[in-house]
K.L.:
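What follows is a structure written as structure tokens; I'll ask about it next.
Remember, it's a predicted structure, so these values are computed and weren't measured experimentally.
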Amino acid sequence: MSSNFITTQDGTQIFYKDWGSKDAQPIVFHHGWPLSADDWDAQMIFFLGQGYRIIAHDRRGHGRSSQTDTGNEMDTYAADVAALAAHLDLKNAIHVGHSTGGGEVARYVAQYGHEGRVAKAVLIGAVPPIMVKTEANPGGLPLEVFDGFRSALAANRAQFFLDIPTGPFFGFNREGAEVSEGAIRNWWRQGMMGGAKAHYDCIKAFSETDFTEDLKAIEVPVLVMHGDDDQIVPIADSAHLAIKLLKNGTLKVYEGLPHGMATTHAEIINADLLAFFQA
């Protein structure tokens, strides 16, 4: 197992984990905002045991990567992934993205997923096609929602990053939820490792980026996984729309599961991911 950094063209250091045989098929995991590669622990351990090569990086400004004040938008995020894929010479890779990471996967696969680089993709609780409400996306969330995120982050990031996992992210605010204090603390830990400026900028990146043309351009098979009780990225304006834009997409809806279902229900998500990878 190894943990390393690459340096991008603008001097940003991107942290990544690269586990398993270099001859095995690679799976690349893309985390959500404002987390890090550590959010994929349950998937990385499982799929390493299944014989895959497992790769996960900290997006710029997040986790152990450089706390950038520039480049905190989707085109640069995708270019960073392309630099990592080129550095590791990844071929026939499966790219799995959660939430903001799902947008990153869509942009990367659409723009760089040619010449055998990408075999399949997975979007879990992902933000595409676009989150914010516009004339073209009347079912989206009002801009004021994301302005509220920015205000809360700027006022007291530490408290904001405690409120999210304690409540809607894992569905711990639902009656009868089995609350994990460890999951809450781990979310907070990951969030506070990153840079406030990058996290602030990334709110615009995940909420206002339009991935419609990216989804249309993707040729490889895509599995779209979404909980119907996702309180962070509502399913009606994300997965239900994204699946209509994909040429080779499959939608799997999880009744009652939250945004953070890859953590709260890892055994279910891992089994379905494995079935898709092996199909």
K.L.:
Are F160 and W187 an aromatic pair, judged by ring center distance below 6.0 Å?
P.N.:
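Not under 6.0 Å, so no.
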K.L.:
Could you pull out the closest heavy-atom pair between L215 and L246, with the gap in Å?
P.N.:
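L215 and L246 have their closest heavy atoms at O-CD2, 3.6 Å.
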K.L.:
Which residue, W33, W188, F169, forms the ring-ring contact (aromatic ring centres under 6.0 Å, His included) with F161?
P.N.:
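Running ring-ring contact (aromatic ring centres under 6.0 Å, His included) over W33, W188, F169 with F161 returns exactly one hit, W33.
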K.L.:
Quick one: closest heavy-atom pair of V253 and H240, and the distance?
P.N.:
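Scanning both residues, the minimum pair turns out to be CG2-CE1, 4.2 Å.
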K.L.:
Tell me every residue that passes side-chain contact (heavy atoms from CB on, under 4.5 Å) with K133, counting only those two or more places apart in sequence or in another chain.
P.N.:
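For K133, no residue satisfies side-chain contact (heavy atoms from CB on, under 4.5 Å) once neighbours in sequence are set aside.
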K.L.:
Sequence neighbours left out, what passes side-chain hydrogen bond (donor to acceptor under 3.5 Å, both in side chains) with D201? Give chain and number order.
P.N.:
N72, K197
K.L.:
Carefully, step by step, assess N137 and D237 under the rule side chain to side chain donor-acceptor pair (under 3.5 Å).
P.N.:
CA-CA 8 Å; N137 186 45; D237 199 55; 3.0 Å; yes
K.L.:
Looking at every heavy atom in both A177 and G171, which two are closest together, and how far apart are they?
P.N.:
CB-O, 3.4 Å
K.L.:
Quick one: does any side-chain atom of Q190 pair with a main-chain N or O of S36 as donor and acceptor, under 3.5 Å?
P.N.:
yes
K.L.:
Assess the pair Y108 and H95: is the distance between their ring centroids shorter than 6.0 Å?
P.N.:
yes
K.L.:
Kindly compute the distance separating NE2 (H62) from SG (C202), expressed to the nearest 0.5 Å.
P.N.:
4.0 Å
K.L.:
Test salt bridge (charged side-chain N to carboxylate O under 4.0 Å, His left out) on K204 and E73; report intermediate values, then the result.
P.N.:
CA-CA 8 Å; K204 180 181 179 70; E73 35 72 26; over 6 Å; no
K.L.:
Among side-chain atoms of H57 and E104, is any donor-acceptor pair under 3.5 angstrom?
P.N.:
yes
K.L.:
Show your reasoning for whether side chain to side chain contact (heavy atoms under 4.5 Å, CB included) applies to N173 and Q231.
P.N.:
CA-CA 10 Å; N173 56 345; Q231 301 172 67; 2.9 Å; yes
K.L.:
Would you say L223 ends up clustered with V109 if hydrophobic residues are merged whenever their side chains have heavy atoms under 4.5 Å apart, either directly or through other cluster members?
P.N.:
no
K.L.:
Pick out which of T70, D80, T76 makes a side-chain hydrogen bond (donor to acceptor under 3.5 Å, both in side chains) with R60.
P.N.:
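With R60 as partner, T70, D80, T76 yield a single side-chain hydrogen bond (donor to acceptor under 3.5 Å, both in side chains), made by D80.
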K.L.:
What about I94 and V105, same hydrophobic cluster or not, with Ile/Leu/Val/Met/Phe/Trp/Tyr joined at side-chain heavy-atom distances under 4.5 Å?
P.N.:
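Cluster IDs for I94 and V105 differ.
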K.L.:
Would the H30 and Y77 ring centres measure less than 6.0 Å apart?
P.N.:
no
K.L.:
Mind checking whether F206 and F146 have parallel, tilted or perpendicular rings, split at 30° and 60°?
P.N.:
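Plane angle over 60°, so perpendicular.
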K.L.:
Aromatic rings F277 and F47: how do their planes relate, parallel, tilted or perpendicular, breaks at 30° and 60°?
P.N.:
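It falls in the tilted class, 30° to 60°.
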K.L.:
Give a yes-or-no answer on whether the side chains of N270 and Q50 include a donor-acceptor pair shorter than 3.5 Å.
P.N.:
no
K.L.:
If you count heavy atoms of other groups shown closer than 6.0 angstrom to CZ of R185, is the number above 12?
P.N.:
no
K.L.:
Search all heavy atoms of A239 against all heavy atoms of V224 and return the closest pair with its distance.
P.N.:
CB-CG1, 3.7 Å
K.L.:
More than 12 non-hydrogen atoms from neighbouring residues, nucleotides or ligands closer than 6.0 Å to NZ on K247, yes or no?
P.N.:
yes
